[in-house]
Chemist: 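One structure, pasted below without further comment.
Here the structure is a predicted model, which means the values were calculated and not measured.
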Amino acid sequence: MKREFAGSLRATDVGRRVRLSGWVHRVRDHGGVMFFDLRDRSGLCQIVVSPQDAAAGTAARLRPEWVIAVEGTIRMRQEGARNAKIATGDVELCDVALEILSESDVPPVLPSAAEAPDEAVRLRYRFLDLRREEMQQNLALRHRVLQASRRHLDAAGFYELETPMLTRSTPEGSRDFLVPSRMQPGSFYALPQSPQLFKQLFMVAGFERYFQVVRCFRDEDLRADRQPEFTQIYIEMSFVGEEEVLGLAEGLTKALVAEAGWDLQLPLQRLTYQEAMARYGTDKPDLRVPLEIQDLANQAGAFDAPFIQTALAQGGVLRALRAPGGAQLSRKQWDELGREIERFGMKSVPYIALTQEGLRGSLAKAVRPEAQDALVQTLGLQTGDAAVIIAGEEERVSLALGVLRLSFADQFSLRQSGHRFLWVTDFPLMEWSEEEGRAVSRHHPFTHPHPADVDRLEAEPLAVRAQAYDLVLDGVEVAGGSIRIHERPLQERIFRLLGLSEQETKDKFGFLLEAFRYGAPPHGGIAFGFDRLVMLLAGVPSIRDVIAFPKTAKGSDLLTGAPSDVAQAQLDELRLRVQEEAKR
RNA sequence: GGAGGCGUGGUGUAGUGGUUAACAUAUGUGCCUGUCACGCACAAGAUCGCGGGUUCGAUUCCCGUCGCCUCCGCCA
């Protein structure tokens with residue numbers, strides 16, 4: 001008899017004889033009649049065994065997570081004994097023949113438990129954790145989104161092509177994971193941070209439309225939304241400009257999020273990088289938070305504070321952020337907020353609060369009494385509100401207010417329901433690196449400058465915009481890309497601006513530059529952070545919840561014990577010696 | 001690299017400078033014929049992460065260390 005899925009049985013199946021296989025989810029033994037739930041990938045189904053049944057003896061032995069096969073007849077449950085909480089709750093399986101396929105020790109992670117245990121236990125016993133319904137659903141969603149991306153891109157004429165995992169270490173970007181070469185001792189492969197160079201070679205090679213769902217590796221410290229290996233959907237197209245890439249990405253995004261039941265209205269909202277920074281203090285604004293930064297330059301006269309005038313005179317800005325209900329924050333809470341913006345060189349949060357008794361707060365004394373009403377009106381303060389007002393260098397002021405904006409959103413539960421996508425465009429091409437004492441690419445060195453800004457490359461390199469764009473969802477960057485440089489002279493100018501010598505560029509990117517000598521088409525693309533997107537679609541707080549076998553914050557795999565020591569013979573073969581102080 | 005939080009039966013938590021470390025759940029045994037987080041009774045189950053210090057006495061206080069989580073730096 002053909003095996004069927006337990007979760008699919010309905011009242012319309014009553015009377016049928018079926019065969020189910022799966023795990024014992026929960027046992028309810030009444031001494032006489034007993035019930036147990038059989039769980040498979042599709043869900044649960046209740047099975048009834050009566051004392052007179054042949055299966056009664058076997059059934060009495062059953063324990064959670066044993067693997068069984070049953071054959072039985074579907075019948076309607078008695079009136080009043082139906083369970084609306086499960087999909088198969090109207091029916092049950094009776095008159096069963098029962099076979100135990102596999103017994104189970106007492107599991108440390110019980111899939112039927114209401115709450116999941118500590119994450120370290122879950123990771124140690126991931127194979128059990130993955131049996132939990134939440135994880136089953138998360139990975140099922142991941143599968144559906146992945147298949148939708150393949151369907152959509154195939155239909156749009158893209159080839160799914162593969163690129164090497166053992167490749168060459170590239171400069172710029174994050175730290176590489178290295179793989180020693182046995183055949184060439186002392187030389188190393190690197191695992192790819194992205195297939196960036198290869199996908200551009202595919203364009204030179206004339207494939208015109210490429211995509212790949214591919215694992216990427218970056219040896220940097222981890223976060224809730226960062227793993228050392230993660231999956232991205234890379235897309236590259238020839239003979240297109242920014243609009244075509246954004247359009248393709250929007251259509252794809254709509255198709256992907258539909259798998260989670262989201263209905264996306266196109267086209268998506270857009271903001272330039274400059275607008276995003278000015279209004280939200282970040283390049284990935286969470287638009288669910290209904291607060292915007294205000295520019296107070298024309299209100300500077302309302303303050304009797306020399307430092308504000310000085311900041312403006314030095315080319316700085318004066319900007320404010322309303323905190324609805326902020327007047328209730330204690331001194332201690334303001335101090336805590338101050339610690340969040342310490343890294344922008346600010347010791348405390350300058351603010352005013354509008355209370356029943358008038359204006360309060362660290363900046364209240366600096367407000368000229370005659371200007372108070374106008375200021376309150378400009379800021380839109382209601383009694384009970386507060387506003388942070390910061391003067392200083394533009395970027396630091398913006399970033400600080402951006403951090404506070406999210407803090408207020410948390411503290412006062414300001415996030416609106418629903419989900420908000422937007423494009424952030426016109427990123428700066430380069431930014432100054434204090435560490436390296438030179439301009440560095442913000443995206444990567446092959447990013448095409450904005451055509452209108454190319455003339456200013458040498459004169460004002462840091463003011464040049466790039467044809468680079470990010471797709472932001474609820475404050476998370478879920479995709480990013482750019483139009484690439486296909487003109488050799490322009491590429492050489494960029495390298496010069498980045499302070500890379502001809503010899504360096506030849507050493508590092510020689511093969512790509514050489515390829516560009518043989519007729520490179522205009523091209524561009526975008527990459528989706530697949531894990532992050534699925535994380536948001538699943539509504540979970542960490543990408544570990546949508547990755548089957550993730551690593552801990554220290555990069556350990558608690559299930560397999562990786563990374564681990566290796567045999568001395570393996571090291572010898574690779575001509576590697578581990579430094580004494582690194583040994584445990 | 002830095003900051004913070006956590007670590008107690010299988011699991012989740014409580015708790016205390018002092019005799020037997022508590023509760024829930026899971027486990028075992030018995031009872032129970034319509035439950036669905038079944039119920040009832042009994043039992044078993046802990047090196048209080050590890051090392052050191054303070055103390056007559058440390059699971060508790062201190063120092064170190066290891067692990068897990070979050071954040072900053074880092075992540076073109």
Chemist: Measuring to OP1 and OP2 of C32(B), would you say a side-chain N or O of Arg28(A) lies under 4.0 angstrom away?
Modeler: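 The answer is no; no side-chain N or O of Arg28(A) sits under 4.0 Å from OP1 or OP2.
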Chemist: What contact category does Gln46(A) fall into here, base, sugar-phosphate, or nothing, at under 4.0 angstrom with non-hydrogen atoms?
Modeler: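 Result for Gln46(A) = base.
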Chemist: Using distance alone, with no hydrogens and no angle criterion, decide if Glu242(A) and His448(A) have a side-chain donor and acceptor under 3.5 Å apart.
Modeler: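 Looking only at side-chain atoms, His448(A) and Glu242(A) do not form any donor-acceptor pair under 3.5 Å.
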Chemist: Look at Arg26(A) and U25(B) and indicate whether a side-chain polar atom (N or O) is within less than 4.0 Å of OP1 or OP2.
Modeler: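 No, Arg26(A) has no side-chain N/O under 4.0 Å of OP1/OP2 on U25(B).
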Chemist: Across the strands shown, which category fits Glu92(A) at heavy-atom distances under 4.0 angstrom: base, sugar-phosphate, nothing?
Modeler: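 Answer is base: heavy atoms of Glu92(A) come under 4.0 Å of a base.
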Chemist: Rounding to an integer number of angstrom, what distance separates G9(B) and G15(B) when you compare their P atoms?
Modeler: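 Nearest-Å result for G9(B) against G15(B) at atom P: 15 Å.
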Chemist: Describe, in one word, how the ring planes of Tyr125(A) and Phe127(A) are oriented to each other, choosing from parallel (under 30°), tilted (30 to 60°) and perpendicular (over 60°).
Modeler: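 Answer is perpendicular, since the angle exceeds 60°.
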Chemist: Has His30(A) got its ring stacked on C32(B), by the test of a centre gap below 5.5 Å and a plane angle below 30°?
Modeler: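 Check failed, His30(A) does not stack on base of C32(B).
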Chemist: Return no unless some side-chain N or O of Ser50(A) is found under 4.0 Å from OP1 or OP2 of U33(B).
Modeler: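 For U33(B), OP1/OP2 do not have a side-chain N/O of Ser50(A) under 4.0 Å.
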Chemist: Is Ser556(A) near enough to C68(B) that one of its side-chain N or O atoms lies under 4.0 angstrom from OP1 or OP2?
Modeler: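 Yes, because at least one side-chain N or O of Ser556(A) sits under 4.0 Å from OP1 or OP2 of C68(B).
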Chemist: Between Val33(A) and Arg223(A), just flag the one whose closest nucleotide in RNA chain B comes earlier from the 5' side.
Modeler: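 It is Val33(A) whose nearest nucleotide is closer to the 5' end.
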Chemist: Within the 3.5 Å criterion, strictly below it, is a donor on Glu220(A) or Ser174(A) matched to an acceptor on the partner's side chain?
Modeler: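 Their side chains do not contain a donor-acceptor pair, so the 3.5 Å distance test is not met.
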Chemist: Whether Lys554(A) contacts C69(B) is assessed here as follows: a side-chain N or O lying under 4.0 Å from the phosphate OP1 or OP2. Is that the case?
Modeler: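 Checking Lys554(A) against C69(B): no side-chain N or O falls below 4.0 Å of OP1 or OP2.
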Chemist: Is it the case that the side chains of Gln46(A) and Arg28(A) hold a donor-acceptor pair, with the cut-off being a distance below 3.5 Å and no angle test?
Modeler: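 Looking only at side-chain atoms, Gln46(A) and Arg28(A) do form a donor-acceptor pair, the distance falling under 3.5 Å.
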Chemist: Both distances below 3.5 Å, Watson-Crick or wobble geometry, any strand: find the nucleotide opposite A3(B).
Modeler: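 Paired with A3(B), as far as the under-3.5 Å criterion goes, is U70(B).
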Chemist: State the pairing partner of A43(B); accept Watson-Crick or G-U wobble contacts with both distances under 3.5 Å, and report none otherwise.
Modeler: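 Checking every strand shown, A43(B) finds its partner in U27(B), with both distances under 3.5 Å.
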Chemist: Counting any heavy atom closer than 4.0 Å, what does Arg77(A) reach on the DNA or RNA strands: base, sugar-phosphate only, or nothing?
Modeler: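 Base contact - Arg77(A) has a heavy atom under 4.0 Å of at least one base atom.
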